[in-house]
> 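My questions will all concern the structure given below.
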Amino acid sequence: MKKTFLFVLVLLTALQPLKADEGMWLPLLISNRIGDMQAKGFRLTAEDVYSVNKASLKDAVVLFGGGCTGEVVSRDGLLFTNHHCGYGQIQQHSSVEHDYLKDGFWAMNKDEELPNPGLTVSFLQRMEEVTEQVLKGYQPSMSETQRDSVVRVNSAAITKSINDPEKGIRSSVEGLYYANQYFLFVYKIYSDVRLVGAPPSSIGKFGGDTDNWMWPRHTGDFAIFRIYANKDNEPAEYSKDNVPYKPKRYFTISRKGVKEGDFTFVYGCPGSTKEYVTSDEVRYIGNVSDPEKIALRTQRLDIQKKYMSQDQAVRIQYSSKNASVSNAWKKWQGEAKGLARRKTVDSKIAFEQDFRNWSKNNQYNGLLDQLSSLYEQRNPYFRASEYYNETVSTIELLTFANRIYTALEAGNPISEIAERFYKDYYQPIDEETFVAMMQAFDKQMSSEFKPSYFTEKLSKYGSIEAWRNDLYAHSLFTDKNKVLKLTKEELSKLDADPAYEMYKAFNQWYRKDIQPPISRISRDIYLAYRKYMKAQMEFQPDKAFYPDANLTLRVAYGKVAGYSPSDAVYYSPVSTLKGIIEKDDPNIFDYNIPQTLRDIYAEGGHDDQPVCFLATNHTSGGNSGSPVINADGELIGINFDRVWEGTMSDLAFDPDFCRNISLDIRYLLFVVDKIGHAKWLLDEMSFAD
C-alpha cells in the first residue's frame, strides 16, 4: 500500500507543464506550480496563495450556495459573486410591486439588507492529503467491496473527529484521481448571508440567452451580499443581533485594468470535469447525449418564452427557471461543436492506440477493451435515464405532488412548500410542457425502455393531449386551497391522485429497471478508471496530472488573451460600454438597458469604460463568481462564463479556443456608483491604486 501511495504522490508532484494554461490545481500543492506561475508573471509566494498558519488568499474565497464561488471584499464581510448565482435570491425577494429582477436592488445601509434563509457560504479552513489514513487496514488481496468498506469506515472516523455543527464546521474526504488518492477538506459554514445589491437584469443579465456563452460579452454579471456572524464572529442562523463577519483576509481591488498578456489567476470551486476519460465517453457525449438534451430543452425554452413574453408576472415567475434550463442547453451546443472541431474522439483513439501498444506486456493489457465493453452495456440505460430526467422529471406538477406527499408522510408542514411552488407556477406552461415532453418520450424511447404504466395510459387515452387534459382536470395539486388543507391521514387519497400516481409509477420504473444497471455498470466503469488513471500516470511519467474538478477549491492561472473563432476573425479580449450601446434595443427584453445608462453614455467620456475581458484560465461550472486576480494578488474581475467555442474544456482543453469570460471589476464599481448610487459600498472597499 505504501509503495502505491508514494508512487502516486511522486507523479502528482511532477513539475512538467501541460498545454498552455491548462489545469485546475490543488491549493495545498500549489508550491509545485509556483515556479511556473512566477515565470509567467506572478509576484506572490505559495504561502500567500494557501496557508493554514497565516491568512492567505484562500481565506477570502467561499463556496457560494451549492454550486458557485464568491469573494470577500471588505473588512465587514461584503461579498461579490455573479448575478446568475444570486438570481434565485433576487427572484425570491421580487414581486410585481418590487421587481428587483427588472429594476435592481440596492440597500442604502446595513438595515436594508435582505436575509436569505437556506443560503450558505463555506470557507475552506484547510485541506490535507489523507490517503494513508483512509486506506489503513486495506490489503491488495481484498475485494473492491471490502476496499470500499475500509474507505467508508476510515473516512467516517476522520470526519466525525472534525465535524462540529454547532460551530459550523463540516468536513469531507474526497477521492481524487478516481480514488487513487484521498484528500480531507475542512470548511466553516456561515448561514446568515444577506442580499446587499444587484443591478437590474438588463445589466446583470444583459444579452440573455442570445449572448450566453458568447463573445463579445457585455454582461454586468454580479450581485453583492454580506456575511453575518454572531458577536464572536462565529457562524449563526439569521438574527437581528448578528453583526457583519470579520474575515481573516479580503481582497484589495485594482482599478488599473487589464491588457492582453497580463497574468491572471482564478481561485474558485470548479464543479465537474472528465479530462481523462476514453473515446467511448466522449463519443457518447458529443454524438448522443448533448444533441438529444439540446433538442428537448429547446422545446421547453420555447414554451416558457412564449408565455413569459406575454405577461410580466409570468416572466418574473419563470425567469430563474428559464435561466437554469437555458444555461446547460447552450453550453451543450458549444461542447458538441467543440469536440467535433477538435476531433477529440480521434485524438483519444490515437492516444489509446499508443497506450495499447505500451500495455501489451503489462498488467494493463485489455483495460481499454474492458472499458469499451462496459460503455456498450451502460449507454442504452444511461440514455433512458437522461430522457427520464429531461422529460418526465421536468413536469412541475408531478414533482410537486411528490414533495407534498413526502412531507406529509414524514409529518412535516407543507404550507411553505406549497406557497413557494404556487408563487412561481403557471399551469399553461406546465400543461404544454407535459405534452411536448411525453410525446418526445414516446417517440424516442424503444418499447423496452417504456414503463408498462406509460403504454397502458397512452392506450387508454389515445393521445398525450387527452391524457394531459384528464390529469390536470382531476389532480387536486392544481388547486392551492385543496393542497393547503391536506393532512397525513389523506395519504391514501393522494395515492390515487393522477399527478402523484404518474410520478410514483415512473419513479418506481426508474428505480427498479433503469437505475440499478446504471449504478452497477457505472461502479465497474469507475473501478476500471481507477486502474486506467494509474496506468496513464505510468505511461506518461513526465506529465503533471491535475485532478478532475469536484467543487473543491482550485487554482487556475493563465493570461488575458483574445482568440480567433474562425477564419479571418479575431476577438480582442476586452469589451466596453460602447458595445452595450451598440447592442441596445428597447424592443428586445434582453437588450433593453436602463435609461440611466443611456443618459450617462450620452453625456460623453465613457466610450472606453471596460465591461468584460477574456483570459486563458481553465474553468468550469462552479467557477461562476470566482475572483480573477492579477500578478499582485489584487482583484481585477469576477469570472462568470466561458466562450461557446471552448465549452468542451470539461473533457478536453484546447488552448486556441478555451477562454474564460470575466466581468471587469471596474464595470462593477461603475454600476454600483452610477446606476445604484450606492457609494457607501465603495467606501468600505480597499483599493490598490
Side-chain angles (χ1 to χ4, degrees), residues 1-9 11-12 128-163 170-185 272-278 280-281 284 355 359 362-386 388 507-538 545 547-552:
M1 179 189 73
K2 285 189 176 181
K3 286 184 179 179
T4 300
F5 160 66
L6 290 173
F7 170 76
V8 173
L9 184 60
L11 287 170
L12 298 188
E128 178 184 342
E129 197 275 329
V130 290
T131 306
E132 200 163 10
Q133 298 95 305
V134 170
L135 294 180
K136 184 179 181 180
Y138 167 70
Q139 298 296 329
S141 60
M142 289 180 173
S143 67
E144 288 298 334
T145 300
Q146 290 172 318
R147 184 187 191 276
D148 285 349
S149 179
V150 169
V151 169
R152 186 168 56 253
V153 170
N154 289 341
S155 297
I158 293 170
T159 56
K160 183 179 180 180
S161 67
I162 295 170
N163 292 347
R170 178 184 65 81
S171 64
S172 66
V173 173
E174 306 288 343
L176 303 185
Y177 302 96
Y178 291 94
N180 275 295
Q181 193 173 20
Y182 293 89
F183 281 83
L184 169 70
F185 296 84
S272 178
T273 57
K274 297 180 179 180
E275 302 291 343
Y276 307 108
V277 295
T278 66
D280 301 283
E281 175 79 354
Y284 174 79
F355 179 88
S359 63
N362 63 35
Q363 61 179 316
Y364 305 117
N365 185 33
L367 182 56
L368 286 172
D369 292 334
Q370 178 190 356
L371 274 164
S372 185
S373 175
L374 287 168
Y375 275 114
E376 189 176 354
Q377 297 172 48
R378 186 209 69 168
N379 287 350
Y381 292 97
F382 204 79
R383 179 174 179 265
S385 173
E386 291 191 309
Y388 168 73
N507 186 255
Q508 288 178 340
W509 162 77
Y510 176 75
R511 292 183 179 278
K512 178 178 178 291
D513 296 340
I514 305 301
Q515 193 176 49
I518 290 176
S519 298
R520 173 178 54 79
I521 301 168
S522 294
R523 171 181 163 76
D524 290 342
I525 289 174
Y526 186 83
L527 293 176
Y529 270 121
R530 183 194 299 162
K531 191 173 182 179
Y532 184 49
M533 187 77 246
K534 184 172 180 290
Q536 289 181 75
M537 290 174 165
E538 292 183 28
F545 289 82
D548 275 324
N550 64 346
L551 210 60
T552 55

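In this chain, numbering begins with 1 at the start of the sequence shown.
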> Classify the ring geometry between Tyr529 and Tyr178 as parallel (under 30°), tilted (30 to 60°) or perpendicular (over 60°).
parallel
> Could you tell me whether the side chain of Asp548 and the main chain of Glu275 form a donor-acceptor pair under 3.5 Å?
yes
> Check whether any side-chain heavy atom of Tyr364 sits under 4.5 Å from a side-chain heavy atom of Lys534, and report yes or no.
yes
> Going by heavy atoms in the side chains, are Gln536 and Lys531 under 4.5 Å from each other?
no
> For residues Ser359 and Asn365, report the shortest heavy-atom separation together with the two atoms involved.
O-CB, 3.1 Å
> Find the distance between CH2 (Trp509) and CG (Asp513) and round it off to the nearest 0.5 Å.
7.5 Å
> Give a yes or no answer on whether the side chain of Ser522 reaches the backbone of Ser519 with a donor-acceptor pair at less than 3.5 Å.
no
> Side chains of Ser172 and Glu174: donor-acceptor distance under 3.5 Å anywhere?
yes
> Looking at CD of Glu281 and CG of Leu371, how far apart are the two atoms once the value is rounded to the nearest 0.5 Å?
10.0 Å
> Is any side-chain heavy atom of Asn154 less than 4.5 Å from a side-chain heavy atom of Tyr138?
no
> Before you tell me yes or no, could you show the steps for Phe382 and Tyr375 under ring-ring contact (aromatic ring centres under 6.0 Å, His included), namely the whole-Å CA-CA distance, both residues' side-chain angles and the distance that decides it to 0.1 Å?
CA-CA 10 Å; Phe382 204 79; Tyr375 275 114; 9.1 Å; no
> Distance from Asp148 atom CG to Arg152 atom CZ, nearest 0.5 Å?
6.5 Å
> I'd like to know whether CD of Gln363 has more than 12 heavy-atom contacts from other residues, nucleotides or ligands below 6.0 angstrom.
yes
> Got a second to check how far Asn379's CG is from Ser385's OG, nearest 0.5 Å?
12.0 Å
> How close do Arg147 and Leu135 get, counting heavy atoms only, and between which atoms?
NH2-CD2, 3.7 Å
> Using atom types as modelled and distance alone, determine if a side-chain donor or acceptor of Ser155 lies under 3.5 Å from a backbone N or O of Val173.
no
> Quick one: pull up CD1 in Ile158 and CD in Glu128 and give me the separation to the nearest 0.5 Å.
8.0 Å
> Using side-chain heavy atoms (C-beta onward) and a distance below 4.5 Å, is Thr131 in contact with Phe183?
no
> At their closest point, which heavy atom of Thr273 faces which heavy atom of Ala549, and how far apart are they?
OG1-N, 2.8 Å
> Quick check for you: to the nearest 0.5 Å, what is the distance between Asn550 atom CG and Ser272 atom OG?
8.5 Å
> Checking Ser143 side chain against Gln146 main chain: does a donor-acceptor pair fall under 3.5 Å?
yes
> Within the 4.5 Å heavy-atom criterion, are Arg170 and Phe185 side-chain neighbours or not?
no
> Charged N to carboxylate O below 4.0 Å: is that the case for Asp280 and Arg378?
no
> Return yes if some donor-acceptor pair links the side-chain N/O of Ser373 with the main-chain N/O of Gln370 below 3.5 Å, else return no.
no
> Does atom CZ (Phe355) have a neighbourhood of more than 12 heavy atoms from anything else shown, all under 6.0 Å?
yes
> For Ser372 and Leu368, indicate whether the former's side chain and the latter's backbone hold a donor-acceptor pair under 3.5 Å.
no
> Judged by atom type as modelled, is there a donor-acceptor pair below 3.5 Å linking the side chain of Asn180 to the main-chain atoms of Tyr177?
yes
> Search all heavy atoms of Tyr381 against all heavy atoms of Ile518 and return the closest pair with its distance.
O-CD1, 3.4 Å
> Could you please spell out the steps behind the side-chain contact (heavy atoms from CB on, under 4.5 Å) verdict for Val151 and Lys136?
CA-CA 8 Å; Val151 169; Lys136 184 179 181 180; over 6 Å; no
> What are the two closest heavy atoms between Arg511 and Gln515, and how far apart are they?
NH1-OE1, 3.7 Å
> Keeping the roles fixed (side chain from Glu538, backbone from Ala535), state whether a donor-acceptor pair exists under 3.5 Å.
no
> Determine whether Asn507 and Tyr388 make a side-chain contact, defined as any pair of heavy atoms from C-beta on separated by less than 4.5 Å.
yes
